[in-house]
Amino acid sequence: MEAWQKALLAWYRENARPLPWRGEKDPYRVLVSEVLLQQTRVEQAALYYRRFLERFPTLKALAAASLEEVLRVWQGAGYYRRAEHLHRLARSVEELPPSFAELRKLPGLGPYTAAAVASIAFGERVAAVDGNVRRVLSRLFARESPKEKELFALAQGLLPEGVDPGVWNQALMELGATVCLPKRPRCGTCPLGAFCRGKEAPGRYPAPRKRWAKEERLVALVLLGRKGVHLERLEGRFQGLYGVPLFPPEELPGREAAFGVRSRPLGEVRHALTHRRLLVEVRGALWEGEGEDPWRRPLPKLMEKVLRKALPLLAHAGVVPLPDA
DNA sequence: AAGTCGGGGTC
DNA sequence: GACCCAGACTT
């Protein structure tokens, strides 16, 4: 083992944050933590980790639940397909297979998550390369835009002998999360400062990705029936959750005709996603159908905003009360 | 290789 | 506002 590897491990032993899944070896619990951490801040993942395991403490318990129950617990965490994958996974296997290759085949487990579970829960010598590791290694070796494959090969070659690979992977990630930060990294206190080839220009490694958020105009149609609001199971975006009909403005005439209503504008809601800025015109109408209490369903944040905008303007007294708001 | 999917913290 | 986060999946 090289000096920098020892330095990193020593640093990790002293500085690892006390997270709820730290030291966890149970494969199911490791899996839940890793899936929740996909593109999600540690603090938020920790919140949902506790909530999720309290409700679904085992793979079996998860398999026994309905998808809607799972989504309700996942509500607010985003990337809802993760919850669907987890649920499908629970129903497809009795227990988690103990190898990267087998884990990789399961729904929702890409190269990172399969490697994380394999190394942390099963001790397999496989490198887990997430955004942190990509950044740490890019700086350590002064690589501006390494390809995924070479990055994985590099990380795989760096796995030290005689060290729990799960600990090693987490040490690398922890360094990226707390020291080797995207902006203003703390190179002064980094245990790898003496070994880092990129610390003179950490902003160059890796080169920032370019992304832009396009604006998208939509109409949300809030139909108030005898018993509440008309909800649909959403497809595509927010898949699996519920909400009022949401569609491009040009579809408004057809939708109104289909429901037999004429709607009136109630306001506007803005909602930012990673690659989209949604500008949603909220329209409403009284409707001949039944409808339901929307707050009993798993709703994406956008739909909460839409309903909070629309209901006070639409509701008959007491038909659909707002929840403590 | 690029586009898609959420939400929230942070500057 | 913009950027980013213990990514996966589809095309």
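Values reported hereafter were calculated over all heavy atoms of this structure, with side chains retained and with hydrogens, waters and symmetry mates removed. Below, chain A is the first sequence line, B the second, and so on; all start at residue 1.
For the residue pair Ser138(A) / Glu144(A), no side-chain donor-acceptor distance below 3.5 Å is found, with atom types taken as modelled.
Under a hydrophobic clustering in which Ile, Leu, Val, Met, Phe, Trp and Tyr are joined whenever their side-chain heavy atoms come within less than 4.5 Å, directly or via other members, Leu62(A) and Leu31(A) fall into the same cluster. Taken together through direct or relayed side-chain contacts under 4.5 Å among Ile, Leu, Val, Met, Phe, Trp and Tyr, Tyr79(A) and Leu86(A) form parts of separate hydrophobic clusters.
Contact between the side-chain N/O atoms of Gln39(A) and the OP1/OP2 oxygens of dG7(C) is found at a separation under 4.0 Å. Put simply, Tyr80(A) has a side-chain N or O that comes within less than 4.0 Å of OP1 or OP2 on dG7(B). Of the side-chain N and O atoms in Thr113(A), one or more sit less than 4.0 angstrom from OP1 or OP2 of dA8(C). For dT10(B), the OP1/OP2 oxygens have no side-chain nitrogen or oxygen of Arg41(A) closer than 4.0 Å. For Lys301(A) and dG8(B), the shortest distance from a side-chain N or O to OP1 or OP2 is below 4.0 Å.
Spacing between atom CZ of Arg82(A) and atom C1' of dC5(B) amounts to 10 Å, rounded to whole angstrom units. Atom CZ in Arg237(A) sits about 15 Å away from atom P in dG3(B), given to the nearest Å. A straight line from CG of Leu36(A) to C1' of dA6(C) spans 11 Å, rounded to a whole angstrom.
Sequence order on DNA chain B of the closest nucleotides to Arg184(A) and Tyr48(A) puts Tyr48(A) first from the 5' end. Between Pro107(A) and Glu34(A), the residue anchored nearer the 5' end of DNA chain C, judged by the nucleotide with its closest heavy atom, is Glu34(A).
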(message) For a salt bridge (charged side-chain N to carboxylate O under 4.0 Å, His left out) check, start with the C-alpha distance between Arg217(A) and Glu268(A), then their side-chain angles and the critical distance, and finish with the verdict.
(response) CA-CA 10 Å; Arg217(A) 292 177 178 276; Glu268(A) 204 172 67; 5.1 Å; no

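No engagement by Arg88(A) is indicated, since no non-hydrogen atom pair under 4.0 Å with the nucleic acid exists.
Scanning atom types as modelled, one donor and one acceptor separated by under 3.5 angstrom connect the side chain of Thr40(A) and the base of dG6(B). Contact annotation: side chain of His85(A) to base of dC9(C), donor-acceptor pair absent below 3.5 Å.
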